[in-house]
Each structure stands twice: as structure tokens, then as C-alpha cells.
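Dumping the structure here so I can ask a few things about it.
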Number of protein chains: 2
Amino acid sequence: MQQKRIRIKDIAKLAGVSAGTVDRVVHNRGNVSAKSREAVEKVLKEVNYRPNIHMSSISLKKMYHILFVSPKFSAGEYWDSIYTGILRTLDEFENIRLSFKKITYNQYDVYDCKRIYDKVLKTKCNAVIIGSIFQKETQDFCHQLDEKEIPYVFVDSNVENTSPVACFSSDHYTCGYLMGKIMNAVMHDNRDIGILQAMRIGNESANSTILRKNGFNAYLDECGIERKIHRIPFNATEPEKNNDIFDAFFNENGNVGGIVVLNSRGHIMANYLSSRNIKNIKLIGVDLTIPNIAALKKGSISALIGQNPKSQGFLAMRSLIEYLIFKLPIKVDNIMPLDIVTKETIDIYSEFKDLVYLK
Amino acid sequence: MQQKRIRIKDIAKLAGVSAGTVDRVVHNRGNVSAKSREAVEKVLKEVNYRPNIHMSSISLKKMYHILFVSPKFSAGEYWDSIYTGILRTLDEFENIRLSFKKITYNQYDVYDCKRIYDKVLKTKCNAVIIGSIFQKETQDFCHQLDEKEIPYVFVDSNVENTSPVACFSSDHYTCGYLMGKIMNAVMHDNRDIGILQAMRIGNESANSTILRKNGFNAYLDECGIERKIHRIPFNATEPEKNNDIFDAFFNENGNVGGIVVLNSRGHIMANYLSSRNIKNIKLIGVDLTIPNIAALKKGSISALIGQNPKSQGFLAMRSLIEYLIFKLPIKVDNIMPLDIVTKETIDIYSEFKDLVYLK
DNA sequence: ATAAAAACTGTGTACGTACACAGTTTTGCA
DNA sequence: TGCAAAACTGTGTACGTACACAGTTTTTAT
């Protein structure tokens, strides 16, 4: 802390060059002879130089443009939490020249997603944070970013065959596995299980929900559970139709005792069950969204799995700034933990999560 | 982010005074006429001035001395985690003029604690972070700090009738309550429960373990559980004697099926049980120390409750810096969540906890 | 060999704050 | 009223970096 920190100037003197040359070496700006570069690098290694982050921030003249592409969201939803985490980091680095914009697409329409991706590619920017729903389209998008040498970071989920600077997501497979475990613990009879998974225009399903389903099935298989599993239809684009759809489903399948909602819309099923006064069906959901938490507190959802979306956004943006501006090495794969939250633990949980990010 | 931030200079111009005067008002340094002060304060309110933290750090000339008083610890122990969290914050603010020292006492000897407290009072410092074991002695200590107007922050637990700048701890009562709940879930028979709680020289017990015991008893009462409860003797100062003590205890009480260790020494009982090849006793402990985690992984501890000590240290030091140096308002009562960790979840848990603090 | 171009190097300035210090005004008191 | 002391105010500098720009050396092409 207190012993005098070594400065650019000191290194310059030690290496027998000027401060400007040291700066060029440190920032890899080129225009340095091999001889000078080696001399400086030798000293750098010896003295373990760490730039004064405050001074760096102050002197930074370049303006960085960062974009966040994600599904559309409203306040309190899953993607909004990721966004909030990003804003938290921006707040921390408020004295850095940085422009940030979010641009969102309809997550139930792959064509809209493509359109937005194209729009991003036409926008001048230095980095992109990507919240991906559609695997294939995101791959294409990333390859074009690669060509333009624009770095990108994933939040929520990773996308195969891409080369992101970093990725921040939970383990969706384990999430599904956990849901199976919890469902099995809370169901005290041998009734059937319903699985709710949204369908999308132009694509089967979101990658994350597919992985969750695999994890869920894996748990049931491993434990040799022989419950009947029903797929519950769900209309994500016209939610007003769901009540009729659910009515039809339950008319045909009276023996369902537990429902697993693989996306963040657990509250929709919870509210449906409440409205029909159905009380003996256990419900497990994903994401601590405001409506989900309300349903959890009311008791219509038994447990929710939290994916730490705020951490995802916070860490993703922080990593990006460290990579882009401070040229620090960053970790590529970052798996967020899954929090199991129940009626009893929701309050203390929420309070702490805010505390950690507070300034 | 990008719109020009208002500077001290701008405020000076708007208020019709010099930058120096604005600075004096902002830092409450006195020597400002009522007229000037009001003019500046009016402008400050209008423009919502927020100083550039980088510039503040750079220009700061005063040296702040901060002390951490806590029980003695070795690597990987509970107090060491708090210490690590503190160091993490110091790393973040490495460019601030700040001296930090830890000073520790024997937590099983109230007289040593007093001696160390007196030593701290004789040391010149600007703030103290206190890890308290003994209620009464800490109260006296705090009152003397109050007199000298030295601010202090608590970690691990709060102390009544003191006026700390902030406190970071988990809820020990709830911790005990949770231990009761878990113990009840993992014990599948009606056997007795043993409670292990350390005795100290000159004082009954640490405040935190008393609270945990209360919480534990409260759970058993609420649920009408009628198990027999035995207090297990434990010698904290001469650990080599414990094997004999435990032998004697189990000779007399053969029907114990579960043991709750209310302090972080769960591994001692775990290792004793392993050494005696006793396998059908469930063990619940507190704190994710290295030996406890090892016992958890081996299966000799069923579950551990984590108190987020690293967060406590990290946030305590961060709050203190914000209060002391950046004059920001800080939250006084901060309750850390309790993590329930089992063999299955320990690895992903540990990994994430590191990630969050990583730079 | 010489000019032009390219590659390299050093110098100087801005960034916004904290604080020292010198300079100015007001107050207190005889 | 005068004069010292106290209270107040403004100016100037350091902090360490990023980067622009001017100046110097080396390379390339004729």
C-alpha cells in the first residue's frame, strides 16, 4: 500500500528510454524498436509494474462504445436483472469515457432477432454483450463480429463454436437436474409431472430450456423415477390464450401433481392454478422475477431457482472494461451458482444480493 | 456517463467564489463565511455534484491508519476469511494512502482480549474494524473509542450499546434455527442430540454461540421435538484433551444420533468420530474452513452453514473507506446470508465466491 | 548518393481534485 | 481610530497517465 509505487517514468529511466516509449510498450501501440521494447519489457518484468488505475481513467481520451443485445424485457424480469448488473458496473466506472446502449429483440421471433443482429453489425461499436436465445443465428452473428474484430461477451448462456472474450452463465443442465431433485422431494405421492416449455417462431425452443429439460430428465432417469411426464402447451406470444390451453390440458390429465416450468414464466401457471383454485399441485420455477417472487411468497410456487442474473451482468461488464480498457487478463468461462430459494429464505436472500453491489 | 461532469471549478463560478472555498465547503473544513457557504451549498444542491473519485484518490495527501482487531487465526480459518475480504478491498483501493494492520488476541482468554484492546487505544489510528468475542469488554473498548472520536465497524457480530459506523454479520440466531431444521431433516431416528459449545477463560461463552444455541432450541421447541439434548464438553485451549473427554461422554451417552457444533470446530468432532470409526452420527457445523470442508467432502460432516466471512471483511473495509475518505453515506446494519453447503454443492459454491471478488 | 518515406523517440499537456500557502478582509479590543 | 489577530479567500502545484505532436533516426527507392 504505502511503499512508493513504481511509475512509468521510473521504468523509462531504468530502461534508458523515454516515458512515451514505455507507454507504447505497455499499451502495445507499436512504433517501438525491438531493442527498446526488449529493454522495457525486461524492466517491466523485474518491477512488476501495475498502472495507477485512477490516473489511467483520468488520462483516457478514447471513447468506448458498448452495446448490449438481449431479448426485450420489462422491469423486474430476468433480463432486466442482467441489465441492472451492467448498469451497476457502469456506475462504478462512471468517470471513464464510455457510451452504452441496449438493443433488444422479440425472443419468440427468430426473424426479429436476426434483424436486430444485422442492425448491431451496422452500428459502430467497440464491444458487444450478447444475451442469446437462438443458437444458430447467434453463431452467424458472432462470426461476423470476429471478422470485424469486435470483442463480445455472453451472458445467460454460452454459444458453441464462437470465440467470446468471456461468458457468464449458470449451468442450465444442472438447473434442470436440481429441479428434478426438488420436485421429487416436495411431491409426496405418485402423481404425474407436467413440463412447461415455450415454443418460438422459427425455432424449436431456447437453448437454455432444452438443456434444463435434459438435466431434469437425467435426474428422473438416474433415480429410476417412473412418473408419467406430460408436456404442457404454452403460448408465449399470445398469453391471453393460455387459460383455455391449460383448461384443456387439465381436463385430459387429471393426475398431475407437480409442474416444472423451464422458463421464467412460472408465475403464469401459478396464477392460473390460483384462479382455478387448484391447490394440490406443486410448482417449481426458474428466476427470481417480481411476479415469480410474489407467487412464491403466496405459496403458489414451492421453490424457485435463481441464476444470479445481476452478477452475470455486473461481472460481464466489469470483465469487458478490464479487457478493453485496462488490458487485464480475464477469465473466459464463468459459471454462476444456482440459488434454491423458498418462501422462508427469499427476504434475507434479496437483501444481501443488493448489498454486495451497493456503492 | 458521457455528458460533461460538473467540476469544483464550475461550482465555484456558479457560486461566485473560488475553487478553494468550494473545496472547503464540500469537505467541511471550516474557514468559510456563512454567506459563501450558503451560496456554495445552494449550487451543490442544484447540480447534484459528485466528485470524480479518481481525482480524489490522486490528490489525497492524508494518510489513514486502519486497524483490525480480532481473535488469532491461521490460514483457512473463519477469521482468516474475514481478513482476506479486507485485503481484497485494500487491493481495490491500492492507490489510496492507507496503512492497515491486524492485531489479534486469544479468543479463549478474556484477559488477553482486554490487553489487546488497551494496546489499540494507545495506537494512533483513524478507524478500527472489530471482531468481537466478549460483549462486555468490547462495550468498554467502544466507549473509549467513542470518546476519542475514532470510528469503528463490527464484523462477525454486533455488540449492544455501542455506536458503530456499520456492522456486518450473519444472523446467529437464525443460524442455530437452521441447524435445528437441518438436523431434524437428516436424522431418521429418535436418538438424542449432542451440542458442542466451547467454554472460555473468564466468561461463559462467545456471544454468537449463545445466540445459535437459542435459535437451535427455538426450532426444537416450535416443532415440538422431544429428543434428549446433551451438552458435550469441549476444551478449546487444550485440544489434545478432547479425545478423552469425548470418549467419556460417549461411554455415558450411547444413544446420541446427531451432533451440532455451534462454533467452527466441527472438524474436531468429525475427526474424532472417524478415528473411533463411529459412522451413524450426523454432524452439522458452522463455517467453511479448510478442515471443515475436508470433513464435509469426506462425508463425516453432513452440512455446514457458511456465514460469508469474506463478504463481511470485504464490505466492512469498503464501507469504512467510503465513510472515512469519500464521505459517502453508508448502511449501518448489514446482515449476511447463511449458506447451506453440502458435499454436492461445495465445489461450485467455492468457485463463485472467488469470482465475485476477483479483479 | 540522395531524397523521400517510414519508423522510431522524446517532450509537453490535459485530466479534476486536495491542500498548502499567501494574500485579503473582518473582527476584537484598547 | 488604529492595530493585531482571526477569519476568510484565491491561487498554484502535485498527483501519474494517455496521447498528440514535433523532432530524430533508419530504411527504401531511385
Side-chain angles (χ1 to χ4, degrees), chain A residues 1-41 44 47 49-64 93-98 321 324-328, chain B residues 1-40 44 47 49-64 93-98 324-328:
Chain A
M1 272 143 290
Q2 46 267 34
Q3 86 273 33
K4 262 200 185 131
R5 277 279 289 275
I6 203 129
R7 301 161 301 165
I8 287 273
K9 233 184 184 174
D10 302 319
I11 292 165
K13 190 170 278 178
L14 287 169
V17 298
S18 75
T21 300
V22 176
D23 177 68
R24 278 181 282 266
V25 172
V26 168
H27 292 87
N28 240 323
R29 252 193 274 283
N31 285 335
V32 179
S33 66
K35 195 183 137 210
S36 297
R37 191 166 41 72
E38 277 157 27
V40 172
E41 277 170 352
L44 280 176
V47 301
Y49 172 68
R50 295 170 67 185
N52 183 323
I53 193 175
H54 301 299
M55 291 302 185
S56 297
S57 306
I58 290 160
S59 305
L60 212 58
K61 298 212 165 51
K62 188 178 168 184
M63 174 75 119
Y64 288 87
F93 292 92
E94 60 177 348
N95 297 300
I96 281 182
R97 288 165 166 277
L98 191 56
I321 288 177
L324 215 56
I325 301 177
F326 298 116
K327 320 289 181 197
L328 295 168
Chain B
M1 271 141 288
Q2 46 270 36
Q3 86 274 32
K4 259 196 186 138
R5 278 280 289 275
I6 204 126
R7 301 160 302 165
I8 289 272
K9 232 183 185 175
D10 302 319
I11 292 166
K13 192 170 276 177
L14 286 169
V17 297
S18 75
T21 302
V22 176
D23 177 68
R24 278 182 282 267
V25 172
V26 169
H27 291 86
N28 241 325
R29 253 193 273 281
N31 286 335
V32 179
S33 67
K35 195 182 137 212
S36 296
R37 191 168 41 70
E38 278 158 26
V40 171
L44 279 176
V47 302
Y49 172 68
R50 296 170 69 186
N52 183 322
I53 193 174
H54 301 298
M55 291 302 185
S56 298
S57 307
I58 290 161
S59 306
L60 213 58
K61 299 217 165 47
K62 189 177 166 184
M63 174 76 119
Y64 289 88
F93 292 92
E94 61 177 346
N95 297 300
I96 281 182
R97 285 166 166 278
L98 191 56
L324 215 56
I325 301 176
F326 298 116
K327 320 289 180 197
L328 294 169

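Throughout, a chain's letter reflects where its sequence line sits, starting with A, and its residues are numbered from 1.
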**Message:** Once salt bridge (charged side-chain N to carboxylate O under 4.0 Å, His left out) is applied, do any residues pair with B/Arg37, and if so which ones, sequence neighbours excluded?
**Reply:**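 Listed in chain order: B/Glu41.
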**Request:** Could you work out which one of C/dA14, D/dC19, C/dG10 sits closest to the side chain of A/Leu60?
**Result:**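 Closest nucleotide among those given: D/dC19.
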**Message:** Can you list everything that forms a side-chain hydrogen bond (donor to acceptor under 3.5 Å, both in side chains) with A/Ser56? Sequence neighbours excluded, please.
**Reply:**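 For A/Ser56 there are no side-chain hydrogen bond (donor to acceptor under 3.5 Å, both in side chains) partners, ignoring immediate neighbours.
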**Item:** Distance (rounded to the nearest 0.5 Å) between A/Lys62 NZ and A/Ile96 CD1
**Value:**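 Answer for the NZ-CD1 pair, A/Lys62 versus A/Ile96, is 13.0 Å.
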**Asked** Could you state the interatomic distance from OG1 (B/Thr21) to CG (B/Asn31), rounded to the nearest 0.5 Å?
**Response**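 Going from the OG1 atom of B/Thr21 to the CG atom of B/Asn31 covers 10.0 Å.
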**Message:** Once rounded to the nearest 0.5 Å, what's the spacing between atom CD of B/Glu38 and atom OG of B/Ser33?
**Reply:**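 With rounding to 0.5 Å, CD (B/Glu38) is 8.5 Å from OG (B/Ser33).
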**Request:** Drop me the distance from B/Phe93's CZ to A/Ile53's CD1, to the nearest 0.5 angstrom.
**Result:**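 Result: 10.5 Å between the selected atoms.
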**Item:** A/Ile96 CD1 - D/dA18 C1' separation (whole Å)
**Value:**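 One finds 13 Å between C1' of D/dA18 and CD1 of A/Ile96, rounded.
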**Prompt:** For A/Lys13 and C/dT11, what is the distance between atoms NZ and C1' respectively, to the nearest whole Å?
**Reply:**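 In whole Å, C/dT11 C1' and A/Lys13 NZ are 15 Å from each other.
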Give every pair of a protein N or O atom and an N or O atom of nucleotides 24-26 of chain C that lie under 3.5 Å apart, one pair per line with the distance.
none

**Phosphate contact (D/dT17 OP1 or OP2) by A/Arg7 side-chain N/O below 4.0 Å** =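 False: A/Arg7 side-chain N/O out of range (4.0 Å or more) of D/dT17 OP1/OP2.
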**Asked** To the nearest 10 degrees, what angle separates the axes at the start and end of the helix from C/dA1-D/dT30 to C/dA30-D/dT1, five pairs each?
**Response**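 End-to-end axis angle: 30°.
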**Item:** Gap between atoms CZ and C1', on A/Arg5 and D/dT17 respectively (whole Å)
**Value:**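 Those two atoms, CZ and C1', are 12 Å apart.
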**Prompt:** Could you state the CD1-C1' distance from B/Ile58 to D/dT17, rounded to the nearest angstrom?
**Reply:**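 Computing the B/Ile58:CD1 to D/dT17:C1' distance gives 8 Å.
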**Request:** Provide, to the nearest angstrom, the distance between the NE2 atom belonging to B/His27 and the P atom belonging to C/dT17.
**Result:**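 Interatomic distance, NE2 of B/His27 to P of C/dT17: 9 Å.
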**First of B/Lys35 and B/Met55 reached from the 5' end of DNA chain D, by closest nucleotide** =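 Nearest-nucleotide comparison on DNA chain D picks B/Lys35.
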**Prompt:** Is there side-chain contact between B/Met55 and B/Arg7, with heavy atoms separated by less than 4.5 Å?
**Reply:**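 With C-beta onward as the side chain, the pair stays apart.
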**Request:** Please report the closest heavy-atom contact between B/Val22 and B/Ala12, naming both atoms and the distance.
**Result:**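 Looks like CG2-CA, 3.5 Å.
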**Asked** Which listed nucleotide (D/dG16, C/dA18, D/dT17) is nearest to the side chain of A/Ser56?
**Response**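 The answer is D/dT17.
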**Proximal nucleotide (of C/dC19, D/dC15, D/dA18) relative to the B/Lys61 side chain** =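 For the B/Lys61 side chain, the nearest candidate turns out to be C/dC19.
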**Prompt:** Under a 4.0 Å heavy-atom cut-off, which of residues 18-26 of chain B touch DNA chain D?
**Reply:**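 Those residues are B/Ser18, B/Gly20, B/Thr21, B/Arg24.
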**Asked** Going from CG on B/Asp23 to OG on B/Ser59, what distance comes out if it is rounded to the nearest 0.5 angstrom?
**Response**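 Answer for the CG-OG pair, B/Asp23 versus B/Ser59, is 9.5 Å.
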**Request:** Figure out the NE2/P separation between A/His54 and C/dG16, and round it to whole Å.
**Result:**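 Value for this atom pair: 16 Å.
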**Request:** Taking only the side-chain nitrogens and oxygens of B/Tyr49, find out if one of them lies under 4.0 Å from OP1 or OP2 of C/dG16.
**Result:**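 Checking B/Tyr49 against C/dG16: no side-chain N or O falls below 4.0 Å of OP1 or OP2.
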**Asked** So, do B/Tyr49 and B/Ile8 sit near enough that their side-chain heavy atoms are less than 4.5 Å apart?
**Response**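 Yes - at least one pair of side-chain heavy atoms lies under 4.5 Å apart.
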Mind listing the N/O atom pairs, protein and nucleotides 6-8 of chain C, below 3.5 Å?
none

**Message:** What is the separation between atom NZ on B/Lys9 and atom P on C/dC15, rounded to the nearest whole Å?
**Reply:**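 Atom NZ in B/Lys9 sits about 8 Å away from atom P in C/dC15.
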**Prompt:** What's the CD1-C1' distance between B/Ile53 and C/dA18, to the nearest Å?
**Reply:**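 Those two atoms, CD1 and C1', are 15 Å apart.
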**Item:** Any A/Met63 side-chain heavy atom under 4.5 Å of A/Leu98 side chain
**Value:**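 Not touching, per the 4.5 Å side-chain cut-off.
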**Prompt:** How many angstroms lie between atom NE2 of A/His54 and atom NE2 of B/His54, to the nearest 0.5 angstrom?
**Reply:**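 Output value for this atom pair is 7.0 Å.
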**Asked** For A/Arg97 and A/Leu60, which heavy atoms make the closest approach, and how far apart are they?
**Response**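 Minimum heavy-atom separation between A/Arg97 and A/Leu60: CD-O, 3.4 Å.
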